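Right, one structure below, let's go through it.
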Amino acid sequence: MKATQLYAPTLREFPAEAELLSHKLMLRAGFIRKSASGMYTYLPLAWRTMKKIMQIIREEMDSAGGQELMMPITQPAEIWKESGRWAVYGDEMMRLKDRHGREFALGPTHEEMITTLIRDEVKSYKQLPLMLYQMQNKYRDEIRPRFGLMRSREFVMKDLYSFDKDIDGMNISYQKMYDAYDKIFSRCGLIFRPVEADNGAIGGGHSHEFTVLAPSGESSIAYCEKCNFAASDEKAELKVIKAEVEDLLPLKKVETPDCHTIELVKNFLNVPIEKTIKAVAFQDDDGRLILAFVRGDHEVNEIKVLNAVEGANHLHMAEESAISAVGGCAGFMSPIGLKDGAVVLVDSTVMEMYNAVAGANEVDKHFINVTPRRDFKSDKIIVTDLRMVQEGDPCPHCGEKLKMTRGIEVGQVFTLGNKYSKALNATFLDENGKEQYFEMGCYGIGVGRTMAAAIEQNNDKDGIIWYPAIAPFEVVVVPVNAKENSQLEYAEKIYSELKNSGVDVLLDDRFERAGVKFKDCDLIGFPIRITVSPKTLESNSVEIKIRKTGEIENIQRGEIVEVIKDKISALKKLR
RNA sequence: CGGGGCGUAGCUCAGUUUGGCUAGAGCGUUUGAUUUGGGAUCAAAAGGCCGCAGGUUCAAGUCCUGUUGCUCCGACCA
């Protein structure tokens, strides 16, 4: 490809509409243009990268046993009504009507579509397992699209669906996809973690989110550098932290005027924050009072609270009256001496504390020397993991200190069980001639988001730094002055040689000044630049510059192809 | 949906408070010349429904009303 024929409209300034770095860079480097909120055109550079990512995905899906197909974007309302999601999906689904008034949705996902297809065709366990996938546009009418391709309303997604005859088979399919995802994101040059995720309402199965580590990510995750543990902050299970054993002192009530926050109590009584117990009071939608106790320096994790209380739905902050009804006192609460009527949850770590400070359930009074194992009535409390993970907490797998980071979710693997096969009555006959529901899994990758995440993770002040496997071009050949025939011809020959030996190369044959071309190269982020100038012509060599490291070296004319190929493979090992 | 900001040339933005003649700058674009290893210089030029609709006024980019789009924060979210 020659730059004079490439449509890559770079901008000299950052457009005002973008906030996130990857978004700004994609606009400025001529990768994308917006057509409406959350809708983007992928210009040739972006599309080249997208195609490379898709090709990697395709290869790994195929070698894991997947088969590619293509389903309609426009889906009839009936199948969504059948599964019950026509109503559930709500405003997030783009809907439309045809000329006859029939209702359709623009597919936000394709479980209904694929399940009804299989339902009508696959009737025997002998046809299983089956893994089918597609890559195409998905539509979600996000309340608030933002961050360019990170959260858009129309986006390219790979979605694979697995169909198995039983749970064991489903788990094997899941593992295959998990492994394939690992390979895909590695091949894309990303630093990522498979993060343990919750299955939410579906329950029972497994789920991992593949998260690219980047400070600008929307999800917060805890991970371990020693073992492979990683989990989103809300889902991270935590080990009990044991305090040093102390002699038990007698429980005592003390005055703590106006000390209604942990900070005030700690300062007033002059105790370390790790020796205080904090209470958070919730009520669920049925009005049930739920009290959660954690160590003063910890935060309550509402998801864990929800999971700990049988039948609880949404939580909100408790009313003053509900608290006083059980003899509690906001700001001065503890499980000691409470009346029945509240669900009392105590974080496991709290139970390991000695001689701590906790509320006395009276205004301006706290207990000191509280030792929960002695002072809390074990039959009235539920002890469990309640707290939000923090940097430095011990890893639940290996005990190493956990680190916190932010991440971008680029893919997820998910077992569905028979949720959809049941809802849509999709069955087959097993070995015994008995009718069974398919055990399903679904596995998605956001292609555009993967591209954005790669940029988010690899850039500097001059622009993007592409990992070679997903760069729009691996190499750019720049004659500093393309108007000089000798330079242009020399560059063209190198370009052809590289191209013929399988290197993905661009020739910057524009009649631009060298500075302009160099700036564009850096901005677009080609991994390797080859410069042809009068100087290099004279010594029958070229200069190569590695975008990532900035290293520059001269190589002889005859060695170019070989050296470039070596450099590319070396760069692919650098992540 | 609640709250804030914005909409003027392809891009970045000034001008709006306090209405006034032909609406501006920088960058980009076109043409010519001189340049040619890190976003050149000079000269000339093209480019505007001042988001849209209505109103006030002798006069509206500027004031009023409505509307629409974008954007940020929040709420929401398999």
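Just so we're on the same page: letters track the sequence lines, and every chain starts at 1. Being a predicted model, the structure only gives us computed values, none of them experimental.
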A:Glu17 and its salt bridge (Lys or Arg N to Asp or Glu O under 4.0 Å) partner, picked from A:Arg33, A:Lys34, A:Arg28: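 With A:Glu17 as partner, salt bridge (Lys or Arg N to Asp or Glu O under 4.0 Å) holds for just one option, A:Lys34.
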Find the distance [X]:[atom1] to [N]:[atom2] and express it as a whole number of Å.
| X | N | atom1 | atom2 | result |
| --- | --- | --- | --- | --- |
| A:Glu17 | B:C70 | CD | P | 10 Å |
| A:Arg513 | B:U34 | CZ | P | 14 Å |
| A:Leu11 | B:C27 | CG | C1' | 11 Å |
| A:Phe511 | B:A33 | CZ | P | 14 Å |
| A:Glu512 | B:G37 | CD | P | 14 Å |
| A:Glu19 | B:G5 | CD | C1' | 12 Å |
| A:Glu92 | B:A78 | CD | P | 8 Å |
| A:Lys138 | B:A78 | NZ | P | 18 Å |

Considering every strand and a 4.0 Å limit on heavy-atom distances, what is the contact class for [X]: base, sugar-phosphate, or nothing?
| X | answer |
| --- | --- |
| A:Glu409 | base |
| A:Phe14 | sugar-phosphate |
| A:Glu142 | nothing |
| A:Arg144 | base |
| A:Lys545 | base |

Pairing partner of [N] (Watson-Crick or G-U wobble, both distances under 3.5 Å):
| N | value |
| --- | --- |
| B:C13 | B:G24 |
| B:C42 | B:G32 |
| B:G19 | none |
| B:G74 | B:C1 |
| B:G69 | B:C6 |

Salt-bridge present (A:Lys419, A:Glu111; N to O < 4.0 Å):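 Judged by the 4.0 Å cut-off on N to carboxylate O distance, A:Lys419 and A:Glu111 do not form a salt bridge.
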Salt-bridge contact A:Arg547-A:Asp460 (side-chain N to carboxylate O under 4.0 Å):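 Yes, A:Arg547 and A:Asp460 are salt-bridged.
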Pick the [atom1] atom in [N] and in [M], then give their distance to the nearest Å.
| N | M | atom1 | result |
| --- | --- | --- | --- |
| B:G19 | B:G61 | P | 14 Å |
| B:U68 | B:G32 | C1' | 45 Å |
| B:G54 | B:A45 | C1' | 38 Å |
| B:C21 | B:G4 | C1' | 38 Å |
| B:C6 | B:G15 | C1' | 16 Å |
| B:A60 | B:U8 | C1' | 14 Å |
| B:G2 | B:A40 | P | 49 Å |
| B:U36 | B:C13 | P | 35 Å |

Cation over ring face, A:Arg288 and A:Phe282, 6.0 Å, 45°: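 Because its charged atom misses either the 6.0 Å distance or the 45° angle limit, A:Arg288 does not stack over A:Phe282.
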A:Lys24 NZ/CZ over A:Phe14 ring centroid, <6.0 Å and within 45° of normal: yes
Which residues within [range] lie with some heavy atom under 4.0 Å of an atom in RNA chain B?
| range | answer |
| --- | --- |
| residues 514-532 of chain A | A:Ala514, A:Gly515, A:Val516, A:Phe518, A:Lys519, A:Asp520, A:Asp522, A:Leu523, A:Arg529, A:Thr531 |
| residues 476-497 of chain A | A:Val480, A:Asn481, A:Lys483 |
| residues 22-49 of chain A | A:Arg28, A:Lys34, A:Ser37 |

Aromatic plane relationship, A:Phe185 with A:Tyr181 - under 30° parallel, 30 to 60° tilted, over 60° perpendicular: perpendicular
Residue whose nearest RNA chain B nucleotide is more 5′ - A:Leu20 or A:Gln412: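 It is A:Leu20 whose nearest nucleotide is closer to the 5' end.
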Pairwise 5' ranking along RNA chain B for A:Arg151 and A:Thr536, keeping only the more 5' one: A:Thr536
N/O donor-acceptor pair, side chain A:Glu13 with base B:G28, under 3.5 angstrom: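 No, no donor-acceptor pair under 3.5 Å.
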Per A:Arg146 side chain, nearest of listed nucleotides B:C11, B:G74, B:A78: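 It is B:G74.
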Donor-acceptor side-chain pairing of [X] and [Y] below 3.5 angstrom:
| X | Y | value |
| --- | --- | --- |
| A:Asn540 | A:Gln556 | no |
| A:Glu196 | A:His206 | no |
| A:Tyr443 | A:Ser162 | yes |

Under 3.5 Å donor-acceptor, A:Thr536 side chain and A:Val532 backbone: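 No; zero donor-acceptor contacts below 3.5 Å.
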A:Lys545 (side chain) donor-acceptor with A:Ile530 (main chain) under 3.5 angstrom: no
Side chain proximity check, A:Pro534 to A:Gln487, heavy atoms < 4.5 angstrom: yes
Considering all heavy atoms, the nearest A:Glu474-A:Pro527 contact: O-CD, 3.2 Å
Step-by-step salt bridge (Lys or Arg N to Asp or Glu O under 4.0 Å) determination, A:Arg557 to A:Glu497: CA-CA 11 Å; A:Arg557 178 71 180 81; A:Glu497 280 172 31; 2.8 Å; yes
